[in-house]
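All heavy atoms count here, side chains included; hydrogens, waters and symmetry mates do not. Throughout, residue positions are numbered sequentially from 1 according to the sequence presented.
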Amino acid sequence: MAELHVERKETNVWPWIIGGLIVLALVLWVIFAAADEPETSGLAETAVVATSDAFSGDDGTPSAVTAFLQFADSQATTDDAGLAHAYTSTGMQRLVATFDAIHERERDAGTVSSGDVAPRLATMRALADSLQANPQSTEHARHAREAFLITADLMEQMRQGGRDISQTAVAELRGMAESIRPTVPLLDQIANVRRFFEQTAAALRSMTPV
């Protein structure tokens with residue numbers, strides 16, 4: 001009987017290996033692409049609100065204003081201030097964003113009463129940055145006092161421009177700003193800082209509309 005010769009068919013595994021490597025490369029690309037996207041910390045998000053997103057509030061209030069009002073209502077404690085003065089710096093940065101948003105809205109409406117808002121806001125922003133740039137500085141109280149006095153000036157400017165802010169409220173803000181003693185560590189005056197933010201928020205809420 002003749003012996004049948006059966007030839008084994010070899011399976012080519014290389015297409016499967018190459019296909020698997022391609023799939024693996026795609027998966028790794030997706031993972032690393034997602035990991036490379038910058039993450040924004042909570043503090044960074046709250047420190048500065050971009051004016052391009054300043055008018056997204058559902059009630060017409062600039063979102064930068066809403067963010068500051070929420071910050072002022074947050075009941076931050078002395079511990080929140082920390083050696084880096086994150087609390088005071090964040091509040092000042094949010095005030096900058098607030099005035100920037102209001103100024104932008106007034107500029108678009110053609111009702112800006114003064115052209116010196118931008119330089120004042122630049123000064124406030126630099127003062128806020130200085131609080132965290134050098135935690136060991138002895139100038140923090142002086143910087144906060146100067147920024148608060150600028151805030152009172154801007155509120156007075158808006159009052160004179162027809163905003164519904166009482167002269168008494170502006171005077172109280174100025175008095176609170178002047179109560180910050182430059183020679184006393186800012187952390188020892190954090191209660192006054194918190195009251196200043198709260199009083200500023202109250203004055204902003206009195207504006208109709210913001």
Output every pair passing ring-ring contact (aromatic ring centres under 6.0 Å, His included) with a member in residues 117-138, not counting sequence neighbours, ordered by first then second residue.
none
Can you see which heavy atom on Met155 is nearest to which on Ala203, and at what distance?
CE-CB, 3.3 Å
Does the Ser89 side chain pair with the main chain of Ala86, one donor and one acceptor, at a distance under 3.5 Å?
no
Show me, pair by pair, the donor-acceptor contacts under 3.5 angstrom made by side chains of residues 180-193, not counting sequence neighbours?
from, atom 1, to, atom 2, distance (Å)
Gln189, OE1, Arg181, N, 2.7
Gln189, NE2, Arg181, O, 2.9
Gln189, NE2, Val184, O, 2.9
Asn192, OD1, Arg195, NH2, 2.2

According to side chain to side chain donor-acceptor pair (under 3.5 Å), who are the partners of Gln199, at least two apart in sequence or on a separate chain?
Glu172
Heavy atoms only: give me the nearest Ala147-Met92 pair and the separation to one decimal.
CB-CE, 3.3 Å
Heavy atoms of Phe197 and Thr88 approach each other most closely as CZ-O, 3.7 Å
Check side chain to side chain contact (heavy atoms under 4.5 Å, CB included) between Ser166 and all other residues, then give those that pass, not counting sequence neighbours.
Thr168, Ala169
Please tell me if the side chains of Asp73 and Glu198 come closer than 4.5 Å, counting only heavy atoms from C-beta onward.
no
For Ile150 versus Arg120, what's the shortest heavy-atom pair and its separation?
CG2-CB, 3.8 Å
Pairwise distance CG(Leu131) to OH(Tyr87) - rounded to 0.5 angstrom
13.0 Å
Please check this pair: side chain of Arg159 against backbone of Asp164, looking for a donor-acceptor N/O pair closer than 3.5 Å.
no
Contacts satisfying ring-ring contact (aromatic ring centres under 6.0 Å, His included) that involve residues 154-196 (not counting sequence neighbours) are Phe148-Phe196
State plainly whether the residues Arg94 and Asp100 are in salt-bridge range, i.e. N to O under 4.0 Å.
no
Taking Phe68's backbone N and O only, do any of them form a donor-acceptor pair with Thr98's side chain (distance below 3.5 Å, no angle check)?
no
Could you tell me whether a side-chain N or O of Ser206 sits under 3.5 Å from a main-chain N or O of Ile165, the two making a donor and an acceptor?
no
Pair Leu204, Ile102 - check side-chain contact (heavy atoms from CB on, under 4.5 Å), show working.
CA-CA 11 Å; Leu204 287 171; Ile102 294 173; 4.2 Å; yes
Thr123 versus Glu146: any side-chain heavy-atom pair under 4.5 Å?
yes
State which residues pass side chain to side chain donor-acceptor pair (under 3.5 Å) with Glu139; sequence neighbours excluded, sorted by chain then number.
Arg142
